[in-house]
K.L.:
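So that we are looking at the same thing, I have put the structure below in structure tokens.
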Amino acid sequence: MIEYADLIGAPFKSHGRDIKTGVDCYGLVQEVFRREGIELPEFDADYNDCQKINAIVRGEEERSSIWRRLEVPKVPCIVTISFGVARSVINHTGVYIGGNKFIHIRENIGVCVDDINSPAWRKIIHGYYEYIGKE
């Protein structure tokens, strides 16, 4: 089980990579994976730059160089989400932490945990991806 209790409520900060001063969604993903002994590469995009985030995720998916799509989530895997945009656009990420839960960050709420099966999230979760590293 991933230890995450100390992350709950951490503040949102665009381009944030320090849990004490604030993180964006990918900064949180990096922190959670780091706690599992996995160092993820950096990706740089403004939190509200849907086009760039989507291009990054789709580009990695097409190359299959560091992420592999999963049919069923496993701990830890990245959760990709179409949040407030067309279903075909990915603009938010979180991490599956087990028990049908994922941890992510919301701009006005901070770090929180939600259920992947709740009606609100089930409709907008795009997929689950396992980190496999560079080929």
Side-chain angles (χ1 to χ4, degrees):
M1 184 68 149
I2 295 174
E3 295 295 325
Y4 64 84
D6 63 312
L7 300 175
I8 301 301
F12 174 85
K13 180 180 177 187
S14 185
H15 297 280
R17 296 296 185 259
D18 182 338
I19 202 66
K20 291 181 177 91
T21 60
V23 292
D24 60 14
C25 63
Y26 192 70
L28 177 63
V29 167
Q30 285 182 307
E31 176 63 26
V32 173
F33 271 77
R34 188 175 302 115
R35 290 174 180 216
E36 291 293 297
I38 302 168
E39 291 293 326
L40 295 179
E42 182 60 63
F43 290 115
D44 186 34
D46 284 330
Y47 77 98
N48 59 355
D49 189 343
C50 297
Q51 185 175 8
K52 187 171 182 183
I53 293 168
N54 194 53
I56 289 169
V57 175
R58 296 259 187 234
E60 290 301 334
E61 182 180 1
E62 288 171 11
R63 285 194 303 269
S64 298
S65 63
I66 66 172
W67 299 101
R68 178 181 346 183
R69 188 173 176 93
L70 300 171
E71 293 303 316
V72 177
K74 69 179 199 175
V75 178
C77 72
I78 196 168
V79 179
T80 58
I81 301 165
S82 300
F83 193 68
V85 294
R87 177 100 170 102
S88 61
V89 176
I90 297 165
N91 68 337
H92 187 53
T93 58
V95 178
Y96 182 72
I97 56 174
N100 293 324
K101 306 283 186 204
F102 73 104
I103 190 168
H104 65 119
I105 191 162
R106 305 224 8 224
E107 186 175 4
N108 296 323
I109 297 172
V111 174
C112 55
V113 173
D114 282 301
D115 192 310
I116 63 171
N117 293 319
S118 76
W121 293 108
R122 188 176 56 231
K123 292 187 298 188
I124 63 174
I125 289 176
H126 176 268
Y128 308 98
Y129 294 84
E130 169 184 33
Y131 180 71
I132 58 173
K134 299 277 184 202
E135 291 182 4

K.L.:
Measuring from Glu31:CD to Ile19:CD1, what's the distance to the nearest 0.5 Å?
P.N.:
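So the gap between those two atoms works out to 5.5 Å.
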K.L.:
Do Val29 and Ile8 sit in one hydrophobic cluster, given that two such residues count as connected whenever their side-chain heavy atoms are within less than 4.5 Å of each other, even indirectly?
P.N.:
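As far as the 4.5 Å side-chain criterion goes, Ile8 and Val29 are connected within one cluster.
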K.L.:
Treat each ILVMFWY residue as a node, draw an edge where side-chain heavy atoms are under 4.5 Å apart, and state whether Ile109 and Ile103 are in one component.
P.N.:
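No, it is not one cluster - the side chains of Ile109 and Ile103 are not joined through contacts under 4.5 Å.
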K.L.:
Given Asp24, which partner from the list Arg17, His92, Gln30 fulfils the side-chain hydrogen bond (donor to acceptor under 3.5 Å, both in side chains) test?
P.N.:
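The single option meeting the side-chain hydrogen bond (donor to acceptor under 3.5 Å, both in side chains) with Asp24 is Arg17.
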K.L.:
Taking side chain as C-beta onward, heavy atoms only, is Val95 less than 4.5 Å from Phe33?
P.N.:
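A side-chain contact under 4.5 Å exists here.
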K.L.:
Please lay out, stage by stage, how Leu40 and Tyr26 fare under the test side chain to side chain contact (heavy atoms under 4.5 Å, CB included).
P.N.:
CA-CA 10 Å; Leu40 295 179; Tyr26 192 70; 3.5 Å; yes
K.L.:
Distance-only, no hydrogens or angles: does the Thr93 side chain make a donor-acceptor pair with backbone N or O of Thr80 under 3.5 Å?
P.N.:
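No, Thr93 side chain to Thr80 backbone: no donor-acceptor pair under 3.5 Å.
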K.L.:
Side chain to side chain contact (heavy atoms under 4.5 Å, CB included), that's the test. Do Ile66 and Tyr131 meet it? Break it down for me.
P.N.:
CA-CA 6 Å; Ile66 66 172; Tyr131 180 71; 3.9 Å; yes
K.L.:
Between Leu7, Asp18, Ile105, which is the residue that forms a side-chain contact (heavy atoms from CB on, under 4.5 Å) with Val23?
P.N.:
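When side-chain contact (heavy atoms from CB on, under 4.5 Å) is applied between Val23 and each of Leu7, Asp18, Ile105, only Ile105 qualifies.
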K.L.:
Run the side chain to side chain contact (heavy atoms under 4.5 Å, CB included) check on Val75 and Ile97 step by step: do they pass?
P.N.:
CA-CA 5 Å; Val75 178; Ile97 56 174; 5.5 Å; no
K.L.:
Below 4.5 Å, heavy atoms only, C-beta onward: do Val32 and Ile2 meet side chain to side chain?
P.N.:
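Side-chain contact under 4.5 Å: yes.
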K.L.:
What are the two closest non-hydrogen atoms of Arg69 and Tyr129, and how far apart are they?
P.N.:
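Between these two residues, the closest heavy atoms are NH1-OH, 2.7 Å.
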K.L.:
For Phe102, which residues count as a ring-ring contact (aromatic ring centres under 6.0 Å, His included) partner, sequence neighbours excluded?
P.N.:
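Here the qualifying residues are His104, Trp121.
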K.L.:
With a 3.5 Å distance limit and no angle check, can you tell me whether Arg122 reaches the backbone of Asn117 through a side-chain donor-acceptor pair?
P.N.:
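A pair under 3.5 Å: yes.
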K.L.:
Is Asn91 reaching over with its side chain to a backbone N or O of Phe83, donor-acceptor style, under 3.5 angstrom?
P.N.:
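Yes, because the side chain of Asn91 sits within donor-acceptor range (under 3.5 Å) of the backbone of Phe83.
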K.L.:
How long is the span from the OG atom in Ser82 to the CD1 atom in Ile125, to the nearest 0.5 Å?
P.N.:
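It is 10.0 Å, given to the nearest 0.5 Å.
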K.L.:
Does a side-chain N-to-carboxylate-O contact under 4.0 Å join Glu3 and Arg35?
P.N.:
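Result for this pair is no, no salt bridge flagged.
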K.L.:
Distance check, rounded to the nearest 0.5 Å: Arg68 atom CZ versus Cys77 atom SG?
P.N.:
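Those atoms lie 12.0 Å apart.
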K.L.:
For a side chain to side chain contact (heavy atoms under 4.5 Å, CB included) check, start with the C-alpha distance between Val72 and Tyr128, then their side-chain angles and the critical distance, and finish with the verdict.
P.N.:
CA-CA 7 Å; Val72 177; Tyr128 308 98; over 6 Å; no
K.L.:
Under a 4.5 Å cut-off applied to non-hydrogen side-chain atoms, are Trp67 and Ile78 in contact?
P.N.:
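A side-chain contact exists here, since the closest heavy-atom pair is under 4.5 Å.
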K.L.:
Could you tell me the separation between the OG atom of Ser14 and the CD atom of Glu107, rounded to the nearest 0.5 Å?
P.N.:
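The distance works out to 8.5 Å.
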K.L.:
Where is the tightest heavy-atom contact between Lys13 and Thr21, given as atom of each residue plus distance?
P.N.:
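Looking at all heavy atoms of both residues, the shortest contact is CD-O, 3.9 Å.
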K.L.:
For the residue pair Pro76 and Ile38, establish whether any side-chain heavy-atom pair is separated by less than 4.5 Å.
P.N.:
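Side-chain contact under 4.5 Å: yes.
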